[in-house]
Amino acid sequence: MAARIIGQVLVPAGAILLALVVGAVVLLISSPLVTGRFDPLLPLATYAALVQGSLGSFNGIVDTIVNATPLILVGLAVGLCFRAGLFNIGGQGQFYMGALAAAAVGAGLAGSPPIVAVPLAVLAAAVAGAIYGFIPGVLKAFAGAHEVVTTIMLNYIAGFIISWAVQGPLRAQGASFARSPDVGNAMIPVVLNQGTGHEGHLGIILPVIAIVVIWRLLFRTTIGFEIRTVGANPDAARYAGMRPRLLTIFALTVGGMMAGLAGATEILGVTGYMAATYSTNIGFEAITVALLGRANPVGILFAGLLLGAMRAGSGLMQIEAGVPVQMVDLLQGVILLFLAADVIVRRAFRIRAATGAVTEVADVTRSYAGKSPAAGA
Amino acid sequence: MSGLFEIPVLGIIFQLLDFLINVFTLNGVIILALTAPLALGALCGVMNERSGVVNIGIEGMMLASAFAGWFVAAVVAQAMPGSTPGPLFGFTVPLLIGLLAAVATGMLVSALHAWLSITIRADQIISGTMINIVALGLTGYFDLLLSQNPFPSAGTFSAFDPPGWLVDLPFVGWLFRMFLNQNPITISVIVLAVLLQIWLFRSRWGLRTRAVGEHPKAAETVGINVIRLRYRNVILGGVFAGLGGAWFTLDFGNLFQNGMTNGRGFIALAALIFGRWHPMGAFFAALLFAASGSLGIAIRTAPPPGQLGELLQSIPEQVLSALPYIVTIVVLAGVVGRSIAPAAVGQPYRRESTS
Amino acid sequence: MTQSSRVAEPVIAPALEMRGITKRYPGVVANDAIDLRVEPGEIHALLGENGAGKSTLMNVLYGLARPDEGQILLDGKPITISGPSDAIAQGISMVHQHFMLVPVLSVAENILLGDETMANAVFLDREEAHRRIRKLGQRFGFEIDPEERVGRLSVGWQQRVEILKALYREARILVLDEPTAVLTPQETKEIFAVLRRLKDEGHSIIFISHKLYEVLEIADRITVIRRGKVVGSRLPSETNEDDLAELMVGREVQLTVDWGESHPTDVLLTVERLSARNDRGREAVRDVSLEVRAGEIFGIAGVAGNGQEELVEAITGLRTPTAGRILIKGADVTHEGPRRLHQRGVSFVPADRHRFAVVLGFSIADNLVLTDYYASPYARGPVRDDQAIQERAVEAIGQFDIRTPSATVTAGTLSGGNQQKLVVAREFDRELALLVLDQPTRGLDVGSVEFIHRQAIAKRDAGTAILLVSAELDEVLELSDRIGVMYRGRLVAILDGPTADREQLGLLMATGGREQAAAVAGAA
């Protein structure tokens with residue numbers, strides 16, 4: 001068992017190491033632009049700032065956890081769908097819709113007691129996210145529209161919906177820029193580091209609950225067995241009397257709900273309102289989280305914490321090393337590169353463990369264009 | 001007849017049709033220009049998917065090419081100031097070198113995708129996603145660093161100026177204007193689509209490509225090198241993605257902006273499916289998407305008269321901006337069930353079988 | 001046979017000689033020092049069980065697999081073949097068991113592929129190609145439309161396209177891998193006629209098969225392979241089916257098993273005027289009516305693609321019929337899905353086990369509960385009971401002799417025979433009303449075939465109604481009490497199993513009986 005877990009961890013760890021090496025090369029090349037001269041120490045300074053900003057202090061650790069919270073939730077949204085053989089690139093849109101619903105309901109309940117306002121606003125976000133996951137689910141199940149394209153289109157559409165809502169019906173009176181009103185009492189209470197500028201809100205327990213729920217759902221219930229069967233072999237699922245269409249809709253809906261909750265943690269836990277220009281790249285980051293965590297809820301927890309730490313440290317990295325925060329996006333992309341091409345990682349670190357491959361993730365392409373794979377060959 | 005127009009709904013439908021025709025005849029030039037990146041992305045998809053490789057990294061490929069084209073052109077322009085535009089399309093040395101850089105970038109990124117998909121046999125959708133993320137991160141990173149001390153862009157190509165009598169012809173003049181009064185990359189799109197269509201269905205290369213995308217093993221058994229053909233096609237597909245990227249920064253605009261492809265690579269993918277993996281089909285699908293995108297512009301700049309104009313103008317701007325994305329979903333949901341992809345798409349090929 | 005003496009004493013170098021071919025795959029030696037000599041103008045049969053190593057040997061010859069040891073000689077001269085293009089260049093062509101044809105391309109495109117007739121450096125010369133293909137077809141006695149899509153052709157015609165492909169490349173040595181597996185007896189005869197004609201023109205033919213009587217009929221020499229080794233070589237005039245079977249299997253084999261008498265009782269399955277469409281929306285099952293009684297095996301014979309698959313899917317709830325009714329024990333189940341039918345005691349062993357019946361990435365235990373994971377004792381409400389699932393797995397592995405280190409390994413690590421045992425354990429070992437078997441033994445070795453037949457007969461004797469679909473006419477004939485023949489979606493005849501005649505069945509399969517009257521009249 002221990003050997004199996006090590007086998008599971010070796011490849012992701014190797015991928016991260018190699019990504020840091022590639023990042024260092026990019027930093028070296030770009031150092032004249034960053035510091036005005038060729039600076040061989042820039043990678044060290046950058047990574048040091050990244051670590052210092054995320055793990056170097058209690059504030060940093062709280063920031064890491066708060067940043068990891070939505071990443072883990074959206075990572076679960078992607079990972080659960082991977083298990084069902086679906087590639088949910090729509091975490092972004094589902095997150096947006098959850099955030100918008102939280103902002104709208106939160107603003108409406110700004111004066112109500114927190115014990116009412118917070119749960120209702122969070123619930124609204126979960127429902128909004130679920131609906132936004134339900135749409136591509138139905139489109140896939142009943143019209144055969146591949147979720148990769150529809151979810152991406154829905155991401156853009158969600159952006160326009162936010163822009164419309166916050167500049168229109170939801171616009172706060174008298175604000176200097178287009179934003180929704182404050183959520184007031186619907187703000188999730190702060191439980192860590194009150195008043196330091198590095199607050200930790202109670203919403204950080206949501207990912208923990210979600211991980212337990214999703215893990216139990218996948219591996220302890222019959223519906224989880226059905227989801228995994230559909231993901232591994234949709235024809236066999238039909239043969240066994242399961243309903244692949246409903247399961248497709250179910251997985252995307254539950255995934256959407258997770259992403260919607262993530263939106264709530266951002267609006268109700270961090271910002272307190274929604275701006276028309278609100279933008280995030282969380283949907284794509286979550287794909288890295290889900291793949292790094294091998295579509296396993298526990299793995300997603302650690303992957304989310306890692307990427308949350310990178311996010312948390314990126315501020316200090318920009319201030320101290322002068323490196324743009326996009327460096328973090330780049331690192332995440334390169335991690336994904338080495339996960340896709342895990343052969344490189346295996347060769348570089350002479351990893352023999354054969355247990356690395358996650359078959360559930362290995363062929364999300366299979367259902368492309370609404371087909372099942374040709375058998376045999 | 002007059003009774004018909006007393007029914008307001010029919011009247012509005014008539015006005016709407018009239019308006020839509022006007023949108024095309026008056027905005028043909030901009031519509032075709034906006035078609036170019038979608039169609040080029042879709043042609044990149046044709047090259048990939050006809051030979052059995054899924055490519056959802058077109059977005060990232062175009063973004064990387066857009067950046068490379070802009071950056072190289074600007075650097076060259078700085079190094080050799082005062083280069084005069086040529087008589088045709090405003091060609092300058094920096095612009096042409098920029099174009100080459102964009103195309104080379106497209107091919108380079110495609111080579112990475114080919115290696116991951118064909119040799120490593122990684123999941124092709126994950127490989128494409130990775131390309132999108134890395135391209136966004138890398139271009140964003142350097143764009144921000146470069147913007148600290150901005151340097152002048154190399155400008156853009158200019159449009160071909162067709163003879164006045166041609167574009168003023170009654171009834172068909174607007175078509176000539178639409179297709180000829182264009183920058184070089186846009187004009188090249190229609191030529192490339194036609195050529196690719198003919199090549200795919202009439203040439204040896206086309207026959208082999210279609211066979212490899214449908215049944216690679218069958219192709220292998222008659223002595224075709226599946227791996228090599230796939231590599232070649234995926235990398236050549238990068239030429240189209242590179243041109244599509246160059247369109248953003250050397251043809252339509254002259255500046256790079258973070259994430260400026262804005263999902264067009266994905267709409268291109270939908271155009272590919274809607275066009276049933278035919279180059280010309282993909283081109284017309286791209287034209288449809290581009291037209292839906294320019295509806296909003298038309299409504300704001302030249303609204304139809306009367307009731308309909310008021311109705312259309314009351315639609316929030318964001319709905320109009322979202323139209324291409326909505327149309328993409330509707331088209332995919334309505335069409336994809338009847339559209340059949342090349343049979344082997346997405347499946348890595350293993351040479352030696354154990355059967 | 002007058003030729004056999006000529007073949008036995010060759011005066012010139014063999015057309016093809018393979019010496020000491022060894023090919024190892026991880027864990028198996030697929031070919032172990034195999035020697036093979038093929039003379040010019042000879043039909044040389046390669047006989048062996050599934051998995052004996054015939055296909056591997058031919059893949060080596062064709063450059064699809066690289067041998068670890070050994071040598072290939074053509075006309076006495078050693079050659080190296082590193083890919084199919086080398087083989088083709090040397091005049092070796094292969095007709096694969098699973099046709100290597102691209103369904104969406106035309107006949108001409110399929111034949112041209114890889115050896116294109118060009119108008120110039122870039123473009124194909126279609127007219128010239130069509131002309132050459134027509135001429136070639138006429139030379140061997142068949143009219144073929146070069147512009148027809150291959151996907152629209154019958155299996156028999158697709159095989160002709162494959163042979164044309166070889167002839168178009170001017171092949172001297174033609175390898176046919178199980179060419180008759182999907183053909184009716186009549187089509188087989190036609191192909192044999194073509195092969196004899198090719199032989200007379202001087203081509204050498206390697207004919208791979210595991211059907212003894214066919215090999216005896218067509219071959220000039222027979223080489224038998226078992227477990228990767230050549231175990232014997234025979235002339236047809238000096239051997240018989242029993243001898244060959246013993247060589248092939250390595251022990252004495254009962255070629256015809258007497259499975260005892262059946263005792264049919266009540267009707268359990270009734271199909272009334274059933275119609276259904278295939279995936280492309282065409283009517284694939286037309287107006288089919290049949291009854292299967294408890295304790296009998298109803299066999300369905302037919303050339304693949306005549307609606308058997310759709311009929312089976314309709315009966316097992318995987319496909320919605322467009323008309324007609326299905327009754328189980330008198331209850332109308334026409335619109336019930338697989339789950340409800342399973343609960344009614346309907347079990348289904350599908351033809352393509354990797355596609356339907358087994359999830360390769362799941363453990364054996366999970367696969368064993370694939371169809372009743374939701375029911376007690378494997379689940380309590382929505383929660384799975386892992387312990388009960390494990391216990392069931394251990395029990396089934398012992399009872400059905402599934403060879404595996406443990407119940408937790410994935411099904412993908414099992415051999416084909418053991419995977420099928422797993423399916424049988426899951427689908428047979430419960431209260432059954434109807435058992436639907438679709439190609440239950442395809443691709444299995446003799447031992448597994450016997451095992452599965454024995455289990456099916458046991459179920460029959462226990463009072464289960466069994467519907468058996470098989471492309472292997474021999475299997476249908478061996479097991480069935482009654483045999484229905486499907487042709488173009490219709491059930492054209494129902495015959496009594498024990499007295500059914502191969503020839504008559506073949507004619508029905510090939511023509512649907514329209515010409516049957518004429519044939520009978522002709523015989524009389």
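Enclosure of atom CZ in C:R344 by more than 12 non-hydrogen atoms of other residues, nucleotides or ligands within 6.0 angstrom is indicated. Counting heavy-atom neighbours within 6.0 Å of A:F302 CZ, excluding the residue itself, gives a total of 12 or less.
Annotation: side chain of C:F362 is in contact with side chain of A:T229 (closest heavy-atom distance under 4.5 Å).
Applying the side chain to side chain contact (heavy atoms under 4.5 Å, CB included) test to A:R243 and every residue at least two apart in sequence or in another chain returns A:L246. Residues that satisfy the ring pair (Phe, Tyr, Trp, His ring centres under 6.0 Å) test with A:F142, not counting sequence neighbours, are absent from this structure.
Ranked by heavy-atom pairs shorter than 4.5 Å toward chain C, the options A:G224, A:A237, A:A240 are led by A:A240.
The minimum heavy-atom distance linking C:P338 with A:G241 is given by the pair CB-CA, 3.9 Å. The nearest pair of heavy atoms linking C:R384 to A:T221 is CD-O, 3.3 Å. Shown here for C:V359 and A:A236, the closest heavy-atom pair between the two residues is CG2-CB, 3.9 Å.
Applying the salt bridge (Lys or Arg N to Asp or Glu O under 4.0 Å) rule to pairs touching residues 425-434 of chain C yields C:R392-C:D429, sequence neighbours excluded.
When heavy atoms are compared at a cutoff of 4.5 Å, C:D385 does not approach chain A at all. Looking at C:Y378, there are no atoms closer than 4.5 Å to chain A (heavy atoms on both sides), in backbone or side chain.
Put simply, CZ on A:R238 and CZ on C:R339 are 13.5 Å apart, with the number rounded to the nearest 0.5 Å. C:L318 contributes atom CG, which lies 9.0 Å from atom OH of A:Y239 (distance to the nearest 0.5 angstrom). Rounding to the nearest 0.5 angstrom, the gap separating the CG atom in C:D386 from the CZ atom in A:R220 is 4.5 Å.
Although no hydrogens or angles enter the test, the distance criterion places a donor-acceptor pair under 3.5 Å between the side chain of A:N233 and the main chain of C:R355.
Among the residues in residues 369-376 of chain C, those with a non-hydrogen atom closer than 4.5 angstrom to a non-hydrogen atom of chain A are C:L370, C:T371, C:Y373, C:Y374.
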